[in-house]
Amino acid sequence: MHDAGLRVNRNTGRVAGLPLVSAERIERSVVWVGDVPVGGEQVVVMAGPCSVESREQVIATALAIKQNGATALRGGAYKPRTSPYDFQGLGVDGLKILREAGDLAGLPVVTEVMCEDDISVICDHADMLQVGARNMQNFALLKKLSKCGKPILLKRGASATVKEWLAAAEYLLHGGNDDVILCERGIKTFDSSLRNTLDLAAVALVREMTHLPVIVDPSHATGKRSLIAATAKAAIAVGADGVIVEVHPDPDNAWSDGAQSLTFGLFEKMMGEIAKPLRTIMVRTAETRV
Ligand code: PEP
Ligand code: MN
């Protein structure tokens, strides 16, 4: 689709060419991930390692994040790595570990799906399937996922415009899957100070233009552990329905994305910092929709 920018009908609120994701269609959507509602009054915190490395690692992480108020467990069993020589994920064994850890801690599980062939086995183990930034415009995958019967976490491509991101979501709804959560995870810009540039205005924008829940990934957006709490708070302040952060028992020895993973202690600290604003000034209401 030629991206001529987002054109919105001022009377109806409909985004041109994207009738199903447009805000005018229905009330704000609440997407259930297992027994956790996303997009309601409660802000959600999904957390866990970038990659599933071992049973002990994931179980320890699941219990630690649960204890500190996380609402879902994340972890990659199929990893989209820039180099073919990097760790590619444990595959089905990783899925089994995630399921066991999620059940043990009482947390729903979200994990990435990279190709059509893996959809069925991932659906057998996970509560939500993540489409990674690198696959946002894999339309064959999106079409298959629109029929999979599980909610989808749709990450924004690193070089995708908001319109392209929303068009990818439209594919899922068009194919019959209404349970879509958008995730801003940083985009490529001229600035190389950080891994990516967190586009917080886009978060406010898609909350205004669509009825879909939107969450923010401060780990991939910044690439830097020390910035995660600050950007998570900022995300919630602009209206995000939640955050997804990487947490690892020993980040310095993580097999992927250690520099942007929180220790258990830092996760606890971040939760303490975001809990207060959540209870007070940032209590979310239905009127946040414009
Ligand atoms: C991830 O969640 O570990 C990941 C690979 O994310 P992204 O697709 O946003 O790079
Ligand atoms: Mn990662």
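Each ligand, and each atom within it, is numbered from 1 in the order the structure gives.
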Check this for me, if you would: do [X] and [Y] make a salt bridge, where the nitrogen-to-carboxylate-oxygen distance has to be below 4.0 angstrom?
X: E246; Y: R74; result: yes
X: E100; Y: K96; result: no
X: R207; Y: D241; result: yes
X: R225; Y: D257; result: no

State, with a plain yes or no, whether a side-chain heavy atom of V21 is found less than 4.5 Å away from one of L212.
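With C-beta onward as the side chain, the pair touches.
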Side chain to side chain, K155 and M136, heavy atoms closer than 4.5 Å:
no
Looking at [X], which atoms of ligand 1 are within less than 4.0 Å of one of its heavy atoms?
X: K79; answer: 1 (C), 3 (O)
X: E246; answer: 3 (O)
X: R185; answer: 7 (P), 9 (O), 10 (O)
X: G132; answer: 8 (O)
X: C50; answer: 3 (O)

Would a distance-only check, ignoring hydrogens and angles, find a side-chain to backbone donor-acceptor pair under 3.5 Å from D127 to V33?
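Such a contact is absent between D127 side chain and V33 backbone.
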Of the N, O or S atoms in D257, the one nearest the Mn ion (ligand 2)
OD2
If you have a sec, work out which protein heavy atom is nearest atom 4 (C) of ligand 1 and how many Å separate them, to one decimal?
H220 NE2, 3.3 Å
Please report which non-hydrogen protein atom sits nearest to atom 6 (O) of ligand 1, along with the residue it belongs to and the distance in Å to one decimal place.
K155 NZ, 3.0 Å
Regarding ligand 1, does [X] bring an N or O atom to under 3.5 Å of one of the ligand's N or O atoms?
X: A133; result: yes
X: Q130; result: yes
X: R134; result: yes
X: R74; result: yes

Picking from D199, D217, T161, what satisfies side-chain hydrogen bond (donor to acceptor under 3.5 Å, both in side chains) with R156?
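Result for side-chain hydrogen bond (donor to acceptor under 3.5 Å, both in side chains) with R156: D199.
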Taking atom types as modelled, is there a side-chain donor on T222 or T231 under 3.5 Å from an acceptor on the other?
no
With a 4.0 Å cut-off on heavy atoms, does E112 reach ligand 1?
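Within the 4.0 Å threshold, so yes.
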OE2 (E246) to the Mn ion (ligand 2) to NE2 (H220) angle, given to the nearest 10 degrees:
90°
